[in-house]
Amino acid sequence: MDVIIIGGGAAGLFAALLSRNKKMNVTLLEKNEVFGKKLSLTGSGRCNYTNLNIGKECYYSDDIEKTMEIIEAFGPEDSISTFKSIGIEPYFNGSYVYPMMRNAGEFTDVIISALNASPVKCKTNQNIVSVTYDEGTSRFNVNTDSYSYTCDKVLVCTGGLAMPKSGSTGLGYKIAESFGHKIVPEVPALSGFYFDDMCLKSLSGLRINAAVYTDSGLFDKGEIQFTQNSISGIPVMDISGYIDKNITLYLDLLPELSKEDTFSFLTERVKTLSAFPVRTFFDGLYAKSLGRLLLNNLDKNKDIACISEAELLSLVTLIKKFPVSAKEKKGFDDAQVTRGGVSLFEVTDNLESRYRKGLFFAGEVLNTDGICGGYNLQWAFASAYRAIKGIII
Ligand SMILES: Cc1cc2nc3c(=O)[nH]c(=O)nc-3n(C[C@H](O)[C@H](O)[C@H](O)COP(=O)(O)OP(=O)(O)OC[C@H]3O[C@@H](n4cnc5c(N)ncnc54)[C@H](O)[C@@H]3O)c2cc1C
């Protein structure tokens, strides 16, 4: 049986790895000059490839049951043992799993070396433009501009639209559409937001542990980051898939304390620091840039002892509900994943098209995405495993 895997990213490389000892002729076709361009950038260059703490709440999908059934059938331990089988030892940081050398580029290199030592044919610089099915021969044609490959089964692993400079083209959606699939509209997920509030510009470079929430009930906490004109960080990115634009994000700058406890805490601070000038009130608690912003409406030269109860209450409100008016979500150029894609309802349990037998999908091209923490790569691996299982049957 001849199988072509289109896309040599996380899912395609993993699918090729799993099929390398199986009785089939596998060809992996990648558009870029190298394999795994995006994989080599993951986890801030360290490749957070899975997470031991995995559950339904970590994923978004139009068919979450199917997503979870696939993840549960090939979990973090299975990813870890597959990588161990080619020499990549795991490194655990809590539940987060990285390769021991914590180098995403070298992680990708080890996978490619294992493939080069196998019967899988790996070809780069292959820009696929379409896939067609020949009823006469009952085979697929996988077409570049100048050449046509033929095969019995095709696995589409072309990813989504996020970070086009890593190779994302959206080709998988076009292939799916050409066989009758409807694509769930794609939006950037795991992305930051632009703001145009000039006051927030002074927070550029700030990293702070806080909670982020919205009036619509979205909530997450962790490290928030500011640039001159944007807010990001894992909690912001994790809720971004649910937001389009023009939304006010609220930060809770003391998420471990209730409103009442925050008031008591600030009252104590007033007593302790009473003889110092107001401008120093938050020194030692927050970065100076944030402290200055919080104290904007107070007379900064008077003594801390003179802060009134009303002023203290307004500081509590600001700390617990610090508004960041998000004007626009960062686009696909900056997003880490795509939400939307090939509906899970339009593929079988083995991720085979319901409209064309022999056509399979894996990875981000499908309408499943995860939060930050290794969940997206785990999906790429688990779905690749399932598709290869379906191809072998
Ligand atoms: C900066 C960054 C950091 C990230 N960090 C993490 C992390 O630490 N942990 C985690 O779990 N997830 C992380 N992610 C998300 C994760 O990388 C993706 O979810 C995952 O790579 C998706 O795998 P995929 O194989 O489906 O798609 P991709 O990895 O995008 O691979 C698709 C491949 O298909 C190729 N292709 C596209 N069009 C064509 C065509 N026409 N012809 C031939 N080939 C084509 C592309 O060039 C690409 O190589 C990160 C993403 C980014 C951008």
Side-chain angles (χ1 to χ4, degrees), residues 4-17 27-51 54 58-59 71 76 79 93 96-99 102 104 107-108 111-112 122-131 142-145 147 149 154-175 188-192 232 234 237-238 330 332-339 341-342 351 361-384 387:
I4 287 183
I5 302 171
I6 309 174
L13 286 168
F14 200 75
L17 202 58
T27 305
L28 174 64
L29 301 176
E30 166 58 45
K31 159 185 157 295
N32 288 334
E33 66 290 356
V34 291
F35 291 105
K37 224 171 176 177
K38 188 181 289 173
L39 185 58
S40 298
L41 297 171
T42 56
S44 304
R46 294 175 305 157
C47 187
N48 174 204
Y49 73 78
T50 188
N51 199 306
I54 207 157
C58 307
Y59 288 99
I71 294 273
S79 298
N93 183 1
Y96 294 62
V97 188
Y98 300 81
R102 271 161 285 165
F107 175 81
T108 309
I111 300 171
I112 295 164
C122 298
K123 298 190 177 195
T124 53
N125 294 310
Q126 303 298 310
N127 183 25
I128 306 307
V129 293
S130 65
V131 174
V142 176
N143 310 307
T144 69
D145 274 334
Y147 188 78
Y149 295 88
V154 176
L155 173 54
V156 178
C157 295
T158 45
L161 293 170
M163 199 165 267
K165 71 174 184 205
S166 69
S168 307
T169 57
L171 174 82
Y173 307 138
K174 288 195 195 116
I175 295 173
L190 299 189
S191 183
S232 64
I234 288 174
M237 288 162 71
D238 279 346
K330 290 187 174 181
F332 282 113
D333 282 353
D334 297 292
Q336 290 200 356
V337 292
T338 308
R339 175 160 298 174
V342 176
L351 302 177
F361 299 90
E364 205 177 302
V365 68
L366 290 159
N367 184 20
T368 291
D369 61 278
I371 57 173
C372 293
Y375 301 102
N376 285 296
L377 288 176
Q378 180 58 38
W379 168 248
F381 304 149
S383 57

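As a basis for the values below, the full set of heavy atoms in this structure was taken, side chains included, without hydrogen atoms, waters or symmetry mates. Read the numbers this way: they start at 1 and go in the same order the structure lists the ligands and their atoms.
Residue Gly36 has no N or O atom closer than 3.5 Å to an N or O atom of ligand 1. Inclusion of Lys38 in the set of residues having an N or O under 3.5 Å from an N or O of ligand 1 is warranted. In terms of polar-atom proximity, defined here as any N/O pair under 3.5 Å, Ala380 makes no such contact with ligand 1. For ligand 1, the polar-atom distance check finds an N/O of Leu377 within less than 3.5 Å of one of the ligand's N/O atoms. Between Gln378 and ligand 1, no N or O atom pair is found at a separation short of 3.5 Å.
Contact annotation for Asn48 and ligand 1: heavy atoms of both the backbone and the side chain come within less than 4.0 Å of the ligand. Residue contacts with ligand 1 for Glu364 involve both N, CA, C or O and side-chain atoms from C-beta outward (heavy atoms, distance under 4.0 Å). Contacts between Ala10 and ligand 1 below 4.0 angstrom, taking non-hydrogen atoms only, involve backbone and side chain alike. No part of Phe35 comes within 4.0 Å of ligand 1, judged by heavy-atom distances.
Nearest heavy-atom pair across Val97 and Asn48 is O-ND2, 3.1 Å.
Among Met163, Glu30, Lys174, the residue whose heavy atom lies closest to atom 48 (C) of ligand 1 is Glu30.
In this structure, Tyr98 has its ring center no closer than 6.0 Å to that of Tyr49.
Under a 4.0 Å heavy-atom criterion, Leu39 is not in contact with ligand 1. Residue contact check for ligand 1: Ala162 places no non-hydrogen atom closer than 4.0 Å to it. The closest approach between Lys37 and ligand 1 stays at or above 4.0 Å for every heavy atom of the residue.
Against a heavy-atom cut-off of under 4.0 Å, Gly363 is close to the following atoms of ligand 1: 26 (O).
Residues passing the side chain to side chain contact (heavy atoms under 4.5 Å, CB included) test with Ser40 are Thr108, sequence neighbours excluded. Listed by chain and number, the residues in a ring pair (Phe, Tyr, Trp, His ring centres under 6.0 Å) with Tyr149 are Tyr147 (sequence neighbours excluded).
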